[in-house]
Amino acid sequence: MAVKFLSEEWIKALMQELNESEAYREAARDWEGDFYFIVEPEGNIKEKVIYYMDLWHGECRSACVITDEKEKNPAFRISAPLSKWRRVIEKKLDPIQGMVTRQLKLQGNLMKIMKAPKAAMELVNCCTLVPTEFPE
Amino acid sequence: MWYFISPEIVYGEDALSRLDDLDGKRVLIVSDKQIAGIGFTDRVIEHLSQAGIDYQVYDEVEAEPSIETVKKGAEAARTYEPDWIIGLGGGSVMDAAKAIWVLYERPDIEPAEINPFSPLGLRKKARLIAIPTTSGTGSDCTWGIVLTDTSENRKLALGCREAHADIAIVDPLFVTGMPPQLTADTGMDALTHAIEGYTSNWKNDFCDGLCLKAIQLVFQYLPRAYNDGKDEEAREKMHNAASIAGLGFGNSMAGLAHSTGHSLGAVFHIPHGRTVGLFLPYTIEFTAVVAADYYAEIAHLLKLEHMEAEQTAFSLAQAVRQLARSINQPLTIKDMGISRNNFDNSLPKLVSNADTDTQTVTSARIPTAEEFEKLFRYAYDGKTVDF
């Protein structure tokens, strides 16, 4: 059954996929750093939605929706409107290419990201495994 | 959404005279001692003098330039305050010139921070001219910058869409006297750019034709340029091929021959073109299972057809080996004089470097760490990839 994107269930489902993925575990085995994935307002989405993920050595230690952006201070923030996130999740937009063209805006230690491109790719692969229902 | 980035390209005989009408006051020429020694810097200076432009030379760039070297060059630029920077040399020099230019414009950042995700706001103080003196790197037509982090024995594949030359001067004058080994190394580099640019995950309509043309030119003219350095037609065609391949792969990215080649080159200090050229047939075989049709298109161009597309990819790999053999390039890591013991001890570092290289993710097929290890082992022994 499809899980609604922007919901708490969706990020929990992604967390489960990540923790079950051998490919992600291997690709991100040296990764240390947490993220905000920020969905910016667009169309019927009137307020930003912030997903938080704590990624640590190939494991997702926690994942949740954040209501106050100041609640945490993650190492990385990637933000984009829903339409761009949808293209990433549906594997129509390569996330690295999305960042290079600044369709996805990245804040944080960029060098660290550049050294972990495979981890980013496997993370997206896991996103595609979550049966997702996108808001209209 | 994607971009196609290109400098103004001035090519062919007498292209260097583009400098005669350059508008500017001061030029910093970034080069190396060898280029100065064979009089190439003087040729550039002649044209700058004609244009009434002052110049200063920074010729301390080494092969596989380090972060320290480009920082020192940026300091020289800050002192001299040029409005043009000219990179005159092979890939190392042109990459160093790009990095020096970026750091001159942006003294607030470290070289390792040059990345494609953040705008740099270049061209406030100077613009860049790239003049290649080898036929392979294509750096004159790309926005990539490869530097060496000597503390980590690792190459840093950096870049930013703004960090491309404003003018590329592709004059065959500079390559007529290239020694055979350098001709071979750089020629294989151009071929690797073109084949990987045509088959990478980011391949696109704007680059495909460029990559195919470059492949055709390299197969036709590299053996001639290698066997007779005075063959002017072959020299010019190879010089064009390198820049065309640069333009192609620079806008579509490279792949596994680059990530494995970067890794081997950084650990054993082997020239870039030789390492990427060595890995090319192995990585074609590895990616054949997912990019068979693209390889078949290349093979069709080269008249190497087989019934099955995947089989055609293996024919292409063999054709690349045959070309490499004809210009006395090594076909295995063992041929490079690296002992088994030394190789085995370095294998974890080789795998780790390749696994985290930025060119890995644009490959049509992305290896696991175990597959990388196998790729290195097969390339050491010269085995056809069968996994």
Side-chain angles (χ1 to χ4, degrees), chain A residues 21-33 35 37-38 57-58 75-81 83-88 90-128, chain B residues 1-5 67 109-120 143-145 147 149 152 154-163 200-204 250-253 255-256 259 348 351-373:
Chain A
S21 166
E22 199 50 51
Y24 176 74
R25 188 185 307 281
E26 188 199 297
R29 64 187 181 278
D30 297 324
W31 180 265
E32 295 177 357
F35 277 87
F37 298 104
I38 301 171
H57 292 271
F76 298 94
R77 290 163 198 249
I78 303 179
S79 51
S83 56
K84 301 293 181 197
W85 283 119
R86 181 170 184 166
R87 284 174 59 78
V88 171
E90 291 177 341
K91 287 192 105 171
K92 290 177 183 160
L93 173 62
D94 179 315
I96 307 284
Q97 206 163 18
M99 287 189 275
V100 172
T101 52
R102 291 159 205 149
Q103 296 177 78
L104 306 179
K105 294 186 187 69
L106 171 68
Q107 284 178 274
N109 180 344
L110 301 166
M111 269 313 291
K112 206 168 157 181
I113 294 261
M114 294 286 281
K115 285 184 178 180
K118 269 176 82 177
M121 192 192 67
E122 289 303 339
L123 195 149
V124 173
N125 283 343
C126 287
C127 287
T128 65
Chain B
M1 172 184 168
W2 190 233
Y3 305 86
F4 185 86
I5 308 279
I67 287 170
I109 64 168
E110 287 293 315
E113 290 176 70
I114 302 169
N115 69 79
F117 310 133
S118 323
L120 288 170
W143 45 268
I145 301 171
L147 300 178
D149 181 346
E152 281 190 38
R154 183 175 194 274
K155 290 205 179 182
L156 300 175
L158 310 168
C160 168
R161 275 189 285 116
E162 296 165 62
S200 87
N201 262 345
W202 292 11
K203 82 191 293 297
N204 60 73
N251 286 289
S252 66
M253 303 300 129
L256 291 182
S259 45
V351 171
S352 157
N353 278 357
D355 203 31
T356 54
D357 192 283
T358 50
Q359 303 301 302
T360 293
V361 277
T362 46
S363 168
R365 181 183 171 198
I366 297 172
T368 61
E370 285 72 30
E371 286 169 333
F372 262 126
E373 186 178 324

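Below, chain A is the first sequence line, B the second, and so on; all start at residue 1.
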Region of [X] in contact with chain B, defined by heavy-atom distances below 4.5 Å:
X        : answer
A/Gln103 : side chain
A/Ile96  : both
A/Met121 : side chain

Check: [X] side chain, [Y] main-chain N or O, donor-acceptor pair, under 3.5 Å:
X        : Y        : answer
A/Lys118 : B/Pro367 : yes
B/Arg161 : A/Val100 : yes
A/Glu26  : B/Thr368 : no

Is [X] in contact with chain A via its backbone, its side chain, both, or neither, using a 4.5 Å heavy-atom distance?
X        : value
B/Ile114 : neither
B/Phe117 : both
B/Ser118 : both
B/Asn201 : neither

Quiz item: Between B/Asp355, B/Thr358, B/Leu158, which has the largest tally of heavy atom pairs under 4.5 Å with chain A?
Solution: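 Top option by heavy-atom pairs under 4.5 Å: B/Asp355.
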Quiz item: Which one, A/Gln107, A/Arg102, A/Lys105, A/Met99, leads in non-hydrogen pairs under 4.5 Å with chain B?
Solution: A/Arg102
Quiz item: If you look at every heavy atom in A/Arg29 and B/Ala369, which pair is closest and at what distance?
Solution: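 In terms of heavy atoms, the two residues are closest at NH2-CB, 4.3 Å.
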